[in-house]
Amino acid sequence: MDPRYPQIAERIASSRYVIALTGAGISVESGIPDFRSEDGLWSRYDPLEYGHIDSFRMNPAKVWRMLLEMDLLLSRANPNSAHYALARMESSGYLKEIITQNVDSLHQRAGSVRVIEFHGNGRELRCDGCGRSFDRGALTLETVPPVCPCGGSLRPNFVFFGEMIPPSVLEEARLAARSCDMMLIVGTSATVAPASHLPHLAKQNRAFIVEVNPMPTMLSSALVDIQLAESAGKALTAILSELERRDSGKRTEYNGE
Ligand code: APR
């Protein structure tokens, strides 16, 4: 057993405010490839041509070809052990909240309650013209782009490149990053701003930072205290087991008094 797991569990248990920052890597074990790996979306589609709001406005039907592929992946995915481990950490009182860059809703489906969706979500479509929202499940998407009764094109309710993070979401995430004394960074390449600034905010506040990622990132040598070169499922399950072992040890001690 890697001695860093009990060390991390100890640290979580003694911290005041633990948060997680997650990215596409946490959902890879749910069957959703991340963006920048070999089979990722941005390796097959040029992000400027397909992920930028200007491209969407210029040719929504073309961008929807990529969006349909993403929509299909999201519709087939279920939470994995990493999502469940974070949900369990929250319900046991160890984890305050999750800031996720993912739009797949898998944290909520695993039972997490405090989730800041930094880049929005895929549950809703929104008219790019009048702003009206529609439940994704209520639409068939047989023809693309789907069109609003007002004539505008519908787009997923997530942030495209070239768009601002909604100010209230940005503020909420920054507040969490500034308030935490421990941050678990799971499955993000930390290459997309402003999400990539959040670990720096946490570090300015002297937070202890654990990164879970099979590959090193720009953060690994710059500000990470412990880098676990593991899949999210394996690492978070091991951390949760250590937390639960500690808890059951405590209960036994108490009963024995
Ligand atoms: N467990 C943990 N990490 C993993 C796993 C796994 N099983 N598999 C891959 N990873 C790591 C990769 O090594 C990579 O560093 O997850 C990271 C995913 O990085 P990206 O594909 O860049 O995804 P992300 O950081 O979430 O991207 C940020 O970019 O295109 C935008 O809006 C999109 O929210 C996304 C943002």
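Indexing begins at 1, ligand by ligand and atom by atom, following the structure's order. Remember, predicted model here, so these are calculated numbers, not experimental data.
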- [ ] Take Glu163 and Arg155 through the salt bridge (Lys or Arg N to Asp or Glu O under 4.0 Å) test and state the conclusion after the steps.
- [x] CA-CA 13 Å; Glu163 291 189 300; Arg155 36 88 52 95; 2.7 Å; yes
Open item on the list: How close do Ala13 and Arg246 get, counting heavy atoms only, and between which atoms?
Closed with: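 Closest heavy-atom pair between Ala13 and Arg246: CB-NH1, 3.3 Å.
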TODO: Assess the side chains of Asn205 and Arg178: does a donor N or O sit below 3.5 Å from an acceptor N or O?
DONE: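 Judged by distance alone, the side chains do not pair up.
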Task: Within 6.0 angstrom of Arg88 CZ, more than 12 heavy atoms from elsewhere - done: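 Counting neighbours around CZ of Arg88, 12 or fewer heavy atoms of other residues, nucleotides or ligands fall under 6.0 Å, so no.
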Quick check for students: name every N or O atom pair between ligand 1 and the protein closer than 3.5 Å, with distances.
| from | atom 1 | to | atom 2 | distance (Å) |
| --- | --- | --- | --- | --- |
| ligand 1 | 1 (N) | Ala232 | N | 2.9 |
| ligand 1 | 7 (N) | Glu29 | OE1 | 3.2 |
| ligand 1 | 13 (O) | Asn213 | OD1 | 2.8 |
| ligand 1 | 15 (O) | Asn213 | ND2 | 2.9 |
| ligand 1 | 16 (O) | Gly187 | O | 3.3 |
| ligand 1 | 19 (O) | Ser189 | N | 3.3 |
| ligand 1 | 21 (O) | Phe35 | N | 2.8 |
| ligand 1 | 21 (O) | Arg36 | N | 3.0 |
| ligand 1 | 22 (O) | Arg36 | NH1 | 2.7 |
| ligand 1 | 22 (O) | Ser189 | OG | 2.5 |
| ligand 1 | 25 (O) | Thr188 | OG1 | 2.7 |
| ligand 1 | 25 (O) | Ser189 | N | 2.9 |
| ligand 1 | 25 (O) | Ser189 | OG | 3.3 |
| ligand 1 | 26 (O) | Ala24 | N | 2.8 |
| ligand 1 | 27 (O) | Arg36 | NH1 | 3.1 |
| ligand 1 | 29 (O) | Arg36 | NH1 | 3.1 |
| ligand 1 | 29 (O) | Arg36 | NH2 | 3.2 |
| ligand 1 | 30 (O) | Arg36 | NH2 | 3.4 |
| ligand 1 | 30 (O) | Trp42 | NE1 | 2.6 |
| ligand 1 | 32 (O) | His119 | ND1 | 3.4 |
| ligand 1 | 34 (O) | Gln101 | O | 3.2 |
| ligand 1 | 34 (O) | His119 | ND1 | 2.9 |

Task: Qualifying residue for salt bridge (charged side-chain N to carboxylate O under 4.0 Å, His left out) with Asp225, from Arg11, Lys203, Arg206 - done: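 Considering Arg11, Lys203, Arg206, a salt bridge (charged side-chain N to carboxylate O under 4.0 Å, His left out) with Asp225 is found only for Lys203.
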- [ ] Answer yes or no: is there a donor N or O on one side and an acceptor on the other, between the side chain of Ser231 and the main chain of Lys234, under 3.5 Å?
- [x]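 Yes, Ser231 side chain to Lys234 backbone: donor-acceptor pair under 3.5 Å.
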